[in-house]
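Chain letters run A, B, ... following the sequence lines, proteins first and then strands; every chain starts at 1.
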Amino acid sequence: METFYVTTPIYYVTAKPHIGHAYTTIIADILARWNRLLGKDVFFLTGTDEHGTKIEKAAKEAGKTPKEFVDEVANTYIETWKALNISFDKFIRTTDKEHEKAVSEFITRIWDNKDIYKGIYEGWYCVPDETFITEMELNDGKCPECGRDVQKVKEDAYFFALSRYKDDLLRIFEEDQDFIKPPSRLKEIVNRLKGDIKDLDITRKSVTWGIPFELDKEQTVYVWFDALLNYISALGWPNGGKFIEFWPADVHMVGKEITWFHAVIWPAMLLAAGIDLPKTIVSHGWWTVEGKKMSKSIGNVVDTVELARKYSADALRYFLIKEKPIWEDGDFSESGLVSRINGELLADLGNLVARTLTLAEKFKGKIEGEEEIADNLDMSRIKELFEVYDVNGALNEIWTFVRSVNKYINDTEPWRLGGARLGAVLNNALEALRIISILLYPFLPETSESMQNQLGVKLGSINECKFVTFDGKVKRGKNLFEKIEVKQ
RNA sequence: AGCGGGGUGGAGCAGCCAGGAGUGCUCGUCGGGCUCAUAACCCGAAGGUCAGAAGUUCAAAUCUUCUCCCCGCUACCA
């Protein structure tokens, strides 16, 4: 059976998930659900990144041990994903035993291949913040976080020979223009890669909250090196059956700020170990909130679970996907969310279902007839958009069809009709709704199910998105969406 | 600074790569139609010197050059 392996980044557990995390994860969920509808064997991975000084520090501030702390935060991620109906197949944590074992195995392999060597790490350290700072991050020679003086540190460390893979990577990017999406990001990465590439230090002596470095137990593995390996450790690499079945990944969904890690460092690591590269890295844009960058200091971090509870997971999913092209940045606002609920989910879709079902329930004749609106639905376009991971484009296309069905009902005026003609119009409208319920399943799983209940049909596959004779038993249920009253 | 993206009616976008009357979409405003539907849906109208300048061309939002402005990335924030 054809497989599909999609991943989100593993999220760093210093804080609860916000809409940015939700966005990445929702896109991945939509891809997973769509590919299941296509009949593929899907593996959808998400999880948490739990090592490093920042977590150690956050734990201390919370008065907890690192382990207690990461358990707690990892749980809020799992709870959030449940609240948003994220259909992940596995939730990996970098503190999982299997993961730690895989990391050690990986390091041993590339050591044997001479891609790791011992050297001296030189950098800056902020004592009160307990964080390492790179030359680039320095702000006027001071700590970028707290503005205090930093201290030069020198310690033994192990390095990964990233620079050795520069030419290989450039050749790969040249040959496979789709390796990084969108093209503008590919350009950024290529230009940067053409510059001066330094080897990466991948261990720290003074960090204790990390995976012990296999070759020198005084050191721990640098968080990023550890974290990236989750994509294969989750499949049981090196010998797991899932690894054989699902690797290479079809798509790593990532936020634009971590493109470099996924497009350069991660492939270099895989090349070093002789493992196939993932097929595509999709790098999406960011959300601002009410026009401002999301940050804890501004205090505009949006609580996802609260929003989902207030409006519904489907409404939030819909907004995030419909609001902006995935490559671009966009702005989140609660008023924007409400406007899409009232103006689109309710006015276009909810209303369409309500008016059609009312007409169908009253009709006593036979619902059958020629298709009249199949041309309004461009299935091949929708499939193409999914193939390039443009879920925003696909949803727009589906929505165009939803609107066209409302127009069809207006044009045919079924409330004036009767007999065979009414049967034919209803057949078109009901079939359209059945098809829409399938197409919306990846985006709005609860709404899709509710539509199928009211139509008296079962969720079909993508192959069933074509007009035939409607054979459901309609029963109008409660409204799909309720109007959100806006206080003036 | 380097690299990348963007500046299109009141708002948000498409259109640009392969030039052909300012074309399109969503929201907002105004007017109308309809009454099956959650005051919903459908139709129509107003509104733009396509950031600015120069150039190429019979023809430029679209190609070239320059200028201005906004945003992002630059080694661990989705």
How close or far is atom P of B:U26 from atom CD of A:Glu344, stated in whole angstroms?
10 Å
Can you tell me if A:Ser448 and A:Gln452 form a side-chain donor-acceptor pair at under 3.5 Å?
yes
Base, sugar-phosphate alone, or nothing: which one does A:Asn406 contact when heavy atoms must sit under 4.0 Å apart?
sugar-phosphate
Atom CG of A:Asn392 to atom P of B:G12: distance rounded to whole Å?
17 Å
Heavy atoms only, 4.0 Å cut-off, all strands: where does A:Tyr23 land among base, sugar-phosphate and nothing?
nothing
Taking atom C1' in both B:G9 and B:C27, compute the distance separating them and give it to the nearest angstrom.
13 Å
Without decimals, in angstroms, what is the distance between A:Trp327 CH2 and B:G6 P?
14 Å
Separation of the C1' atoms in B:G5 and B:C43, to the nearest angstrom:
39 Å
Closest to the 5' end of RNA chain B, once A:Ser184 and A:Asn479 are matched to their nearest nucleotides, is A:Ser184
In terms of side-chain geometry, is the basic nitrogen of A:Arg317 or A:Asp29 positioned less than 4.0 Å from the acidic oxygen of its partner?
yes
Report the nucleotide, chosen from B:G72, B:C36, B:C41, that has the shortest atom-to-atom distance to any side-chain atom of A:Lys362.
B:C36
Contacting residues from residues 417-437 of chain A, given that a heavy atom lies under 4.0 angstrom of RNA chain B
none
Side chain of A:Arg185: nearest nucleotide among B:G72, B:A75, B:C41?
B:G72
What's the verdict on ring pair (Phe, Tyr, Trp, His ring centres under 6.0 Å) for A:Phe225 and A:His51, showing C-alpha distance, side-chain angles and the deciding distance?
CA-CA 11 Å; A:Phe225 201 80; A:His51 289 123; over 10 Å; no
Between B:U38 atom P and A:Leu349 atom CG, what is the distance in whole Å?
15 Å
Assign A:Asp348 to base, sugar-phosphate, or nothing according to its heavy-atom contacts below 4.0 angstrom with the strands shown.
sugar-phosphate
Could you work out the separation of B:A21 and B:C58 based on their C1' atoms and round it to a whole Å?
14 Å
Sugar-phosphate, base or nothing in reach of A:Val254, heavy atoms under 4.0 Å
sugar-phosphate
For the pair made of CD1 in A:Ile265 and P in B:U74, what is the distance, rounded to whole Å?
11 Å
With the stacking rule set at 5.5 Å and 30°, tell me whether A:Trp286 counts as stacking on B:A78.
yes
Which of B:C41, B:C42, B:U38 is nearest the side chain of A:Lys407? It is B:C42
When we call it a touch if two heavy atoms are under 4.0 Å apart, what does A:Tyr11 touch: a base, just sugar-phosphate, or nothing?
sugar-phosphate
In whole Å, what separates the C1' atom of B:C68 from that of B:G52?
7 Å
Side chain of A:Lys187 only, heavy atoms from C-beta on: which candidate in B:G4, B:U38, B:A75 is closest?
B:G4
With a 4.0 Å cut-off on heavy atoms, is A:Arg403 in touch with a base, just the backbone sugar-phosphate, or nothing at all?
sugar-phosphate
Of the nucleotides B:G72, B:A78, B:C36, which has the atom closest to the A:Leu359 side chain?
B:C36
Among B:C77, B:C34, B:A75, the nucleotide that comes nearest once only the side chain of A:Arg416 is considered
B:C34
Look at A:Arg355 and B:A39 and indicate whether a side-chain polar atom (N or O) is within less than 4.0 Å of OP1 or OP2.
no
Quantified in whole Å, what is the P atom distance between nucleotide B:C16 and nucleotide B:U56?
25 Å
In short, A:Trp286 meets A:Asp329 closest at the heavy-atom pair N-OD1, 2.7 Å
When the C1' atoms of B:A75 and B:C69 are considered, how many whole Å apart are they?
30 Å
Which atom of A:Ile265 lies closest to which atom of A:Leu162, heavy atoms considered:
CA-CD1, 4.2 Å
Pairing partner of B:C41, by Watson-Crick or G-U wobble and under 3.5 Å for both distances, is B:G33
When both hydrogen-bonding distances must be under 3.5 Å and the geometry is Watson-Crick or G-U wobble, what is B:G2 paired with, if anything?
B:C73
Go through the side-chain N and O atoms of A:Arg355 and A:Asn410 and say whether any donor and acceptor fall under 3.5 Å apart.
yes
Out of B:U35, B:C77, B:A75, whichever nucleotide has its closest atom nearest the side chain of A:Trp415:
B:U35
Taking any heavy-atom pair under 4.0 Å as a contact, classify A:Ile189: base, sugar-phosphate, or nothing.
nothing
Paired with B:A14: which nucleotide, if any, by Watson-Crick or G-U wobble criteria at under 3.5 Å for both distances?
B:U23
To the nearest angstrom, how far is A:Leu228 atom CG from B:A75 atom C1'?
12 Å
Who pairs with B:G9 - Watson-Crick or G-U, where each distance is under 3.5 Å:
none
Watson-Crick/G-U partner (both atom distances under 3.5 Å) of B:A53:
B:U65
Options B:C36, B:G4, B:A75, nucleotide nearest the side-chain atoms of A:Phe261:
B:A75
If only side-chain N and O atoms count, and only distance matters, is there a donor-acceptor pair under 3.5 Å linking A:Tyr12 with A:Glu50?
no
Test A:Asp348 against every option in A:Arg403, A:Arg340, A:Lys407 by the salt bridge (Lys or Arg N to Asp or Glu O under 4.0 Å) rule and name the one that passes.
A:Arg403
A:Leu320 CG to B:A78 C1', straight-line distance once rounded to whole Å:
11 Å
To check you understand the geometry: which heavy-atom pair defines the closest contact between A:Gly47 and A:Thr8, and what is its length?
N-OG1, 4.4 Å
Would a line drawn from the ring center of A:Trp224 to the ring center of A:Phe261 be shorter than 6.0 Å?
yes
Across the strands shown, which category fits A:Asn191 at heavy-atom distances under 4.0 angstrom: base, sugar-phosphate, nothing?
sugar-phosphate
Does the pair A:Asp167/A:Arg164 count as a salt bridge with the N-to-O cut at 4.0 Å?
no
Nearest-nucleotide comparison on RNA chain B, the residue closer to the 5′ end among A:Arg192 and A:Gly255
A:Arg192
Taking pairing as Watson-Crick or G-U wobble with both contacts under 3.5 Å, can you name the mate of B:G28, or confirm there isn't one?
none
Which of these passes ring pair (Phe, Tyr, Trp, His ring centres under 6.0 Å) with A:Tyr318: A:Tyr311, A:Trp399, A:Phe481?
A:Trp399
Using the C1' atom as the reference point in each nucleotide, state the distance between B:C42 and B:G48 in Å, no decimals.
27 Å
Grab the CG-C1' distance between A:Asn342 and B:C41 for me, whole Å please.
15 Å
Candidates B:G5, B:C36, B:A78 - which lies nearest the side chain of A:Ile409
B:C36
Nearest-neighbour nucleotide for the A:Asp329 side chain, B:C71, B:G33, B:C77 considered
B:C71
With rounding to whole Å, what would you report as the distance between B:G31 and B:A46 at their P atoms?
15 Å
Answer with base, sugar-phosphate or nothing: what part of the nucleic acid does A:Lys324 contact at a heavy-atom distance below 4.0 Å?
nothing
